[in-house]
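Everything on this sheet refers to the single structure shown next.
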Amino acid sequence: MPSWATYLWDRNVTPMSIVRMVGPFGPGLVHTYTSRRFAHLDEAEQHDLYDYTYQISSSTGSGEFALAAILAPGAYARKPLFRKLADLKMPTVFIYGEQDWMDYKAAEKAKEFMKVPVKVIRVPEGGHHMYLENPTVFNEAVRAEMK
């Protein structure tokens, strides 16, 4: 990660604060991101996602400021919960997209130490937003676990 990005991240400069800082260029910035990132969605869904993303990004910041406290640059946990997962007392399901930037292998490793039933599900053709990228399979997985 470039040093300038680390510098900004550690000072709570978030993607949402950038949208707010650039004023009238914010909508275009969000549109460019959502239209490229979610190009597989139809036009109406892309518009809805753009509108949602812009509205939450342009509003006064709140929970986003916890990101720098919780995550180090590169989205690595500052205080990983890995060892604490072994203390869970309920069945646990981890769901990842097959193209997710988060590494599902961490859940597989945690599973070895957990004393409860654990499943690691990978949604095909899904990235980090697998509920948008492959909603049918994601919904089926969630429904199956809720039975």
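All residue numbers in this chain count up from 1 along the given sequence. Computed from heavy atoms alone, side chains included, the values below leave out hydrogens, waters and symmetry copies.
- Looking only at side-chain heavy atoms (C-beta outward), Leu71 and Tyr76 stay at 4.5 Å or farther from each other.
- Between Gln46 and Leu41, the closest heavy-atom pair is NE2-O, 3.2 Å.
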Exercise for review: Starting from the C-alpha separation in whole Å, work towards a yes-or-no answer on side chain to side chain contact (heavy atoms under 4.5 Å, CB included) for Glu145 and Ile121.
Suggested key: CA-CA 10 Å; Glu145 291 307 315; Ile121 298 171; 4.1 Å; yes

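- Asp42 is listed as a side-chain neighbour of Glu45, based on a closest heavy-atom distance under 4.5 Å.
- Taking 4.0 Å as the cut-off between side-chain N and carboxylate O, Glu108 and Arg122 do not count as a salt-bridged pair.
- The 12-atom threshold is not exceeded at OH of Tyr52, counting heavy atoms of other residues, nucleotides or ligands nearer than 6.0 Å.
- Atom CH2 of Trp4 has 12 or fewer heavy atoms from other residues, nucleotides or ligands within 6.0 Å.
- The number of heavy-atom neighbours closer than 6.0 Å to CZ of Phe113, taken from other residues, nucleotides and ligands shown, is above 12.
- The pair Arg78-Asp10 meets the salt-bridge criterion, with a side-chain N (NZ, NE, NH1 or NH2) lying under 4.0 Å from an Asp/Glu carboxylate O.
- Heavy atoms only, all atoms of each residue included: Leu49 and Phe38 are closest at CD2-CD1, 3.0 Å.
- Residue Asn12 comes nearest to Ala68 through the heavy atom pair OD1-CB, 3.2 Å, listed as atom of the first residue, atom of the second, then distance.
- Open room surrounds CD on Glu43; 12 or fewer heavy atoms of other groups in view lie less than 6.0 Å from it.
- Phe65 belongs to no hydrophobic cluster with other residues, because no ILVMFWY side-chain heavy atom falls under 4.5 Å from its own, directly or through intermediates.
- The closest side-chain heavy-atom distance from Ser17 to Met21 is below 4.5 Å.
- For the residue pair Tyr54 and Val30, the shortest heavy atom distance occurs at N-CG1, 3.8 Å.
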Check your understanding: Between Thr14 and Glu64, does a side chain to side chain donor-acceptor pair (under 3.5 Å) hold up when you go through it step by step?
Key -> CA-CA 7 Å; Thr14 66; Glu64 74 189 74; 2.4 Å; yes

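- Distance NZ/Lys119 to OG1/Thr92: 12.0 Å, rounded to 0.5 Å.
- Residues Tyr7 and Pro2 fail the side-chain proximity criterion, which asks for heavy atoms closer than 4.5 Å.
- Summarising the geometry, atom CZ belonging to Arg37 is positioned 15.0 Å from atom OG1 belonging to Thr32; distances are rounded to the nearest 0.5 Å.
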Review point. For Met130 and Gln99, what are the C-alpha separation, side-chain angles and deciding distance, and is it a side chain to side chain contact (heavy atoms under 4.5 Å, CB included)?
Key: CA-CA 9 Å; Met130 81 265 344; Gln99 286 89 42; over 6 Å; no

**Study point:** Derivation and outcome, side chain to side chain contact (heavy atoms under 4.5 Å, CB included), residues Phe82 and Lys109
**Key:** CA-CA 9 Å; Phe82 183 80; Lys109 183 90 172 149; 3.3 Å; yes

Practice item. Determine, stepwise, if the pair His129 / Tyr131 fulfils ring-ring contact (aromatic ring centres under 6.0 Å, His included). Key: CA-CA 5 Å; His129 298 282; Tyr131 46 85; 5.6 Å; yes

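- Minimum interatomic distance between Glu125 and Glu98 (heavy atoms only, all atoms of both residues): N-OE1, 4.1 Å.
- Taking each heavy atom of Met1 and Pro73 in turn, the nearest pair found is SD-CB, 3.3 Å.
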Exercise for review: Begin from the C-alpha positions of Tyr96 and Val120 and carry the test side chain to side chain contact (heavy atoms under 4.5 Å, CB included) through to its verdict.
Suggested key: CA-CA 8 Å; Tyr96 293 85; Val120 179; 4.2 Å; yes

